[in-house]
Asker: 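One structure coming up, written as structure tokens, with questions to follow.
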There are 2 protein chains.
Amino acid sequence: MHAQVPDGYDPRAFEPFAVTVDLAVFTLRDDRLHVLLVRRGEEPHRGRWALPGGFVLPRESADTAARRELAEETGLSAGTAAHLHLEQLRTYSEPDRDPRMRVVSVAYAALGPDLPEPRGGGDAADARWLPYGTQGALAFDHDAILADAHDRVGAKLEYTCLATAFCPPEFTLGELRRVYEAVWGVALDRPNFRRKVLSAQGFVRPAQGPPRLTGGRGKPAALYRAGGATALHPPLLRPERRETTT
Amino acid sequence: MHAQVPDGYDPRAFEPFAVTVDLAVFTLRDDRLHVLLVRRGEEPHRGRWALPGGFVLPRESADTAARRELAEETGLSAGTAAHLHLEQLRTYSEPDRDPRMRVVSVAYAALGPDLPEPRGGGDAADARWLPYGTQGALAFDHDAILADAHDRVGAKLEYTCLATAFCPPEFTLGELRRVYEAVWGVALDRPNFRRKVLSAQGFVRPAQGPPRLTGGRGKPAALYRAGGATALHPPLLRPERRETTT
DNA sequence: TCAAAAGTGTTCGGTTTACACCCATGG
DNA sequence: CCATGGGTGTAAACCGAACACTTTTGA
């Protein structure tokens, strides 16, 4: 681009772009994947659910804007929100995606452990956790963004240590397994899951305290913390749909 | 975002954003990975190499702009350029990434078979294919973009059929293997590579013509075409660096 | 004493790896 | 006739899915 910037290029010469961030925030509530949505209070799409988000301010990066919006929309303290996993998805730039003006939106996926019900972070419209799949048609192109985010998260569970981002600082292997099961929508073999997780170096590390805890009934489970690794070797592959040709 | 758009929001109220695309265009020239770069003719970074790119026009999407710039910068016909693989990488939006103004850039990775030397696609500065790794320090944040693009392409070779995008319509398995070797910088076992590729359904399909061809010396190789698949099952994993702990 | 969840062991079968070996062609 | 690259075969090592079994808790 920069190579052929017209020398006297004036960015105000034609209608400017607005740049926003849109957030697909996922969490696990009682073993179901939930997504954070806000109800639109204005036209267009008044009354429809939409992804939270907002404008990128003149002196901040999209990453910074996304982190700021994440804190505002979840109603969490900035310190807590700073710990949530946040990653850029892709940018949506169809000219007519917003009928009011030219808006280019950088989409993000965020995820965290069971988060509290969002308390009005300044905006009037209500914000809620909805079980993923029950949200119906969203405003603008947010259906596509949300689907892309879900695909991305599901794929990254396979070959990264992302799953720990859904868990509290200390967690059991059962909780970790339920992350995979909720996002993928499949049941995993418990013994094999345990072995795979423990053999992948850097994925989890035992919590050093006298680690025991109960999740209701059953034998108390050992507690673990996230290991330092980000990549998962070997990967934890999603069980493949049974092919008819096999 | 849209939920809390101020009702009377005027996008001209503060300094607008410019939105651009930057392209990391890869090709294979005599078994080496090359990148398309343009020499900057103006400040800042006059004389430095940079990624090709340009502004997103008021009525086009970033994808459209990237495709248009790809055709212009490579000097290929629009028809030919339309066949190149193009995919969005991510968006770079640090406030000071361009000292002249606020520029948000959507980065793309593009790749194609051995392409001709770029003929001046309208811009004065020269454009060239440089062997990847020999390009030195690029202008702006283009070092980071190029590195991200290379990482992405290398990773996608593992679990997608992307490698065929580096090949002409009909290609031999040796040519396909050299794509992997050039991008990954490793040598692959020829017999095992062949079996993996042929057993992955939809990756390649035999060219029906009486397929024979010579690549110089040696036995003529059968010709293949890209199969319809985009995902690669099972994946073709990069040989892992030998760990000291093994 | 039973249900539920954690944790361990074992078997079986397919896949991957590291080779050896033959084939066809140009110099 | 040799070097070069294409193509086939194979045995050992490895890995993963499936499932039996024990342990420890709450009800």
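Chain naming here is simple, since letters A, B, ... match the order of the sequence lines and numbering starts at 1 in each. Basis for what follows: all heavy atoms, side chains included, without hydrogens, waters or symmetry-related copies.
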Asker: Under a 4.5 Å cut-off applied to non-hydrogen side-chain atoms, are L84(B) and L111(B) in contact?
Answerer: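 When only atoms from C-beta onward are counted, L111(B) and L84(B) do not touch, as no gap falls below 4.5 Å.
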Asker: Measure the distance from CZ on F193(B) to C1' on dG6(D) and round it to the nearest whole Å.
Answerer: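 Computing the F193(B):CZ to dG6(D):C1' distance gives 13 Å.
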Asker: For L176(A) and dA6(C), what is the distance between atoms CG and C1' respectively, to the nearest whole Å?
Answerer: 15 Å
Asker: Can you give one letter per nucleotide of nucleotides 10-16 of chain D, 5' to 3': B if a protein heavy atom sits under 4.0 Å from the base, S if only from the sugar-phosphate, - if neither?
Answerer: B------
Asker: Can you tell me how far C1' of dG26(D) sits from CZ of R217(A), to the nearest Å?
Answerer: 7 Å
Asker: Going by the rule salt bridge (Lys or Arg N to Asp or Glu O under 4.0 Å), which residues pair with D114(A) if we only count those two or more places apart in sequence or in a different chain?
Answerer: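 Here the qualifying residues are R29(A).
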Asker: Go through the structure and list residues passing ring pair (Phe, Tyr, Trp, His ring centres under 6.0 Å) with H150(A), not counting sequence neighbours.
Answerer: Y132(A)
Asker: Whole Å only: how far is the CG atom of L223(A) from the C1' atom of dG7(C)?
Answerer: 15 Å
Asker: Looking at W49(B), I'd like to know if the NZ or CZ of R39(B) sits under 6.0 Å from its six-membered ring centre while staying within 45 degrees of the ring's axis.
Answerer: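 Checked: cation-pi criterion met.
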Asker: Sequence neighbours excluded, which residues qualify as salt bridge (Lys or Arg N to Asp or Glu O under 4.0 Å) partners of R190(A)?
Answerer: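 With neighbours one apart ignored, the set is empty.
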Asker: Rounded to whole angstroms, how far apart are CG on D189(B) and P on dG9(D)?
Answerer: 16 Å
Asker: From the set dA5(C), dA24(C), dT8(C), return the single nucleotide nearest to any side-chain atom of K219(A).
Answerer: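 Closest nucleotide to the K219(A) side chain: dA5(C).
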Asker: For R90(A), check side chain to side chain contact (heavy atoms under 4.5 Å, CB included) against everything at least two apart and list the hits.
Answerer: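 Once residues adjacent in sequence are excluded, the partners of R90(A) under the side chain to side chain contact (heavy atoms under 4.5 Å, CB included) criterion are Y92(A), D148(A), Q88(B).
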Asker: Just compare dA6(C), dG7(D), dG6(D) and give me whichever is closest to any side-chain atom of R177(B).
Answerer: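 Selected nucleotide: dG6(D).
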Asker: If you pin R190(A) and P191(B) to their nearest nucleotides in DNA chain D, which one's is more 5'?
Answerer: P191(B)
Asker: Just the rounded figure in Å: distance from P of dA17(D) to CG of L188(A).
Answerer: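 One finds 10 Å between P of dA17(D) and CG of L188(A), rounded.
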Asker: Which residues satisfy the side chain to side chain contact (heavy atoms under 4.5 Å, CB included) test with E158(A), sequence neighbours excluded?
Answerer: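 Residues passing side chain to side chain contact (heavy atoms under 4.5 Å, CB included) with E158(A): W184(A), L237(A), R238(A).
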Asker: Does R194(B) have a side-chain nitrogen or oxygen under 4.0 Å from the phosphate oxygens OP1 or OP2 of dT8(D)?
Answerer: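 Yes.
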Asker: Could you state the CG-P distance from L198(B) to dT15(C), rounded to the nearest angstrom?
Answerer: 15 Å
Asker: Closest-nucleotide mapping onto DNA chain D: is Y224(B) or L237(A) further toward the 5' terminus? I mean the 5' end.
Answerer: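 Nearest-nucleotide comparison on DNA chain D picks Y224(B).
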